[in-house]
Amino acid sequence: MSDIIQLLPDHVANQIAAGEVVQRPASVVKELLENAIDANATTITLLLKGAGKTLIQVIDNGKGMSNTDARLSFERHATSKIKDAQDLFNLQTKGFRGEALASIAAIAHVELKTKQENQELGTSIKIEGSDIVSQEVVSTAKGTSIAVKNLFYNIPARRNFLKSDTVETRHIIDEFQRVALAHPMISFSLYHNDNEVYHLKESNSRKRIVSMFGAKTNEKLVPLDEQTDIITIKGFIAKPEFSKRKRGEQFFFVNNRFIKSSYLNHAVNNAFEGLLEQGTHPTYFIYFEVPPNSIDINIHPTKTEIKFDNEKALYAILRATVKHSLGQYNVAPILDFNRDANLDTPYNLNSKQSFSTPKIIVDPTFNPFKNDVTETTSFKEEPKSTNTSTYQSNFKKDPGSWESLYTSAVSTETTKQEELFETKQETETGKTFQIQKKYILSSIKSGAVLIHQSLAHQRVLYEEFLENITVKEASSQQLLFPISINLSTTDIEMIYGIKSDLESTGFVFNEFTKEGVTIGGIPTSITESQITLVLEQLLDDMKLEVPNESFSHFDVMAKSFAKSLAIKTGTVLLVKEQENLVNNLFSCKEPSTSPLGKATFKTLTLQEIDTIFNK
Ligand code: ADP
Ligand code: MG
């Protein structure tokens, strides 16, 4: 029998290798940013188009490459960073595998321009799917610019596998943040579709954190500083009361490289023990310096997990350091009573700091039920179909309640990040459709979105309440006839205990007696008939809450109010109301979950819809 084994051609081998290095646009971003840092750049600019699917370009002012090196840099296993295996044990650079550029060039259109400082002219190279299209001498700035276009253009399966622009952008931002936090001395900018998203000046780590996560972050940070023979620990933890429900802001860096470590995360959590509200996670930015030969970065292809020689010792040192700082800065929550109530809530109108969850564009061209939907109702019209009449007549009688719930302004301030996600909503009449009086279907750019009306409305109301409570003056409506509500002694005490918090939402209490309370004013967002329901629900929710004096009741109240007042499943919504709900939901800071953490919507990409029919 004849021989059958062949060596794979380079471009095939590169495509296969690329699969490991490049999972998504964010992987390219990481590799290019790291190369720029390894080239000693002091200024790095990242340009994105279409969530990196169309363009990822990194421009640096680093040392550049010679003509020959520029060509060689795209060969597999071509690296200037290690010479022999021994160097692996003393790595000072991010890269060392010499695979990134070869992999990227195998699956995209790449344009490199580079020039060394002492040279008159630089080099420009174009590569498409590992094939060199051109190599020229050009005049260009000192440093390197690498543009990666049409990622996965030659591997449709991979390209189709990419998630929505919103998700891919989020991954890119994560990488960008990690790299920028690890290198505060380097100035970084990020542009998406020509909008500036970040412009981070050269600074120190504290300032870098603050410029990334917003001015309010500064007062939350408690420094760490510990030096031992085997490790130096620097960085910041956020005071326990600023811990997050989501695990978002947790960063470990080892020798200026972002790493993940559940083991070390455990050490931090352990140090916070007893100080955190249940279900929350501490925020931290912790920088370790260790001798390069005491770690092994080689164990993971994407290099976010590393192995330490002295893991157990590190655990103990880290835990002690965090505990020490918590103690030293007196941040046990009980001692920290007089702080700004704004900071207690996840809602923070005045800063663009926290990353708002990506938004969705409503596709103005979608109209599957044109005749049925668009013409059924305009807001002011009398109901035409009988099954909507109950709800609508309620609505008419009481425009102050439902209407205000839908139309009152949730923050419309667009942050740079929101622009990034192209948040501008373009809902027009007839772009939504209600299903089973429970869900709203709406068309979006990438396909469709299915929204749970009640959970979505909870989210809208929750943020609205928090905004009202913490940012604006509470608005109150005076009742013509004060209402007395009978309550048990414990309930009366409970209400009395949170009287001032309730007042800041707009409640006015005329009298507390043995039998109950008399209420003279209520928040504008509640109607008279809802008062008892709202208070009863609140009492129930308060009883379930772990008593903790340092935490404001605002969050519990906002959640509770949102729960009581949200439209329920089974309620028919007019088209206009559906649209308002959709718009208000996606103007929220965190549209994707209800205040109690349930998903508010699910997107169905066109591909997902297509696969339903192509099975
Ligand atoms: P690695 O970073 O592992 O060495 P890469 O494929 O990422 O592998 O890069 C290959 C080589 O190309 C690097 O070792 C470096 O010499 C050169 N290079 C890549 N990007 C840059 C850059 N931005 N500036 C200067 N040299 C670069
Ligand atoms: Mg590299």
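Position 1 is the first residue of the sequence; numbering continues from there. Note that ligands are numbered from 1 as they come in the structure, with each ligand's atoms numbered from 1 the same way.
For Asp165 against Lys53, the heavy-atom pair with the smallest separation is OD1-NZ, 2.7 Å. Scanning all heavy atoms of the two residues, the minimum distance from Leu326 to Ala271 falls at CD1-O, 3.7 Å. Summarising the geometry of Asp38 relative to Gly95, their closest heavy-atom pair is OD2-N, 2.8 Å, with the distance given to 0.1 Å.
Contact between Ala78 and ligand 1 is present, with at least one heavy atom of the residue lying under 4.0 Å from the ligand. The closest approach between any non-hydrogen atom of Asp38 and ligand 1 is not below 4.0 Å.
Below 30°, between 30° and 60°, or above 60°: for Phe285 and Phe251 the angle between ring planes is below 30°, a parallel geometry.
Across Thr93, Asn35, Val58, heavy-atom proximity to atom 19 (C) of ligand 1 is greatest for Asn35. The residue from Lys81, Met65, Lys63 that puts a heavy atom closest to atom 26 (N) of ligand 1 is Met65.
Under the 6.0 Å cut-off for aromatic ring centres, Tyr263 and Phe308 do not qualify, their centroids lying 6.0 Å or more apart.
Close approach of ligand 1 to Ala100 is summarised as follows: ligand atoms under 4.0 Å from at least one heavy atom of the residue are 6 (O), 7 (O). Each of the following atoms of ligand 1 lies closer than 4.0 Å to a heavy atom of Glu99: 6 (O), 8 (O). The distance from ligand 1 to the heavy atoms of Gly95 drops below 4.0 Å at these ligand atoms: 2 (O), 3 (O). Listed by atom number, the atoms of ligand 1 under 4.0 Å from Ser73 heavy atoms are 10 (C), 12 (O).
No side-chain donor-acceptor contact under 3.5 Å links Asn67 and Gln119. Judged by distance alone, the side chains of Tyr198 and Gln177 do bring a donor and an acceptor atom under 3.5 Å apart.
Counting heavy-atom neighbours within 6.0 Å of Lys81 NZ, excluding the residue itself, gives a total above 12.
Considering backbone and side-chain N/O atoms, Ala39 never comes within less than 3.5 Å of an N/O atom of ligand 1. Distances between N or O atoms of Ala102 and those of ligand 1 include no value under 3.5 Å.
Not a single N, O or S atom of Thr79, from either the backbone or the side chain, sits less than 2.8 Å from the Mg ion (ligand 2).
Phe288 pairs in a side chain to side chain contact (heavy atoms under 4.5 Å, CB included) with only one of the listed residues (Leu314, Ile295, Asn256, Leu264), which is Leu264.
Counting heavy atoms under 4.0 Å from ligand 1, residue Asp69 does not touch it at all. Contact annotation for Thr144 and ligand 1: only side-chain heavy atoms (C-beta onward) come within less than 4.0 Å of the ligand.
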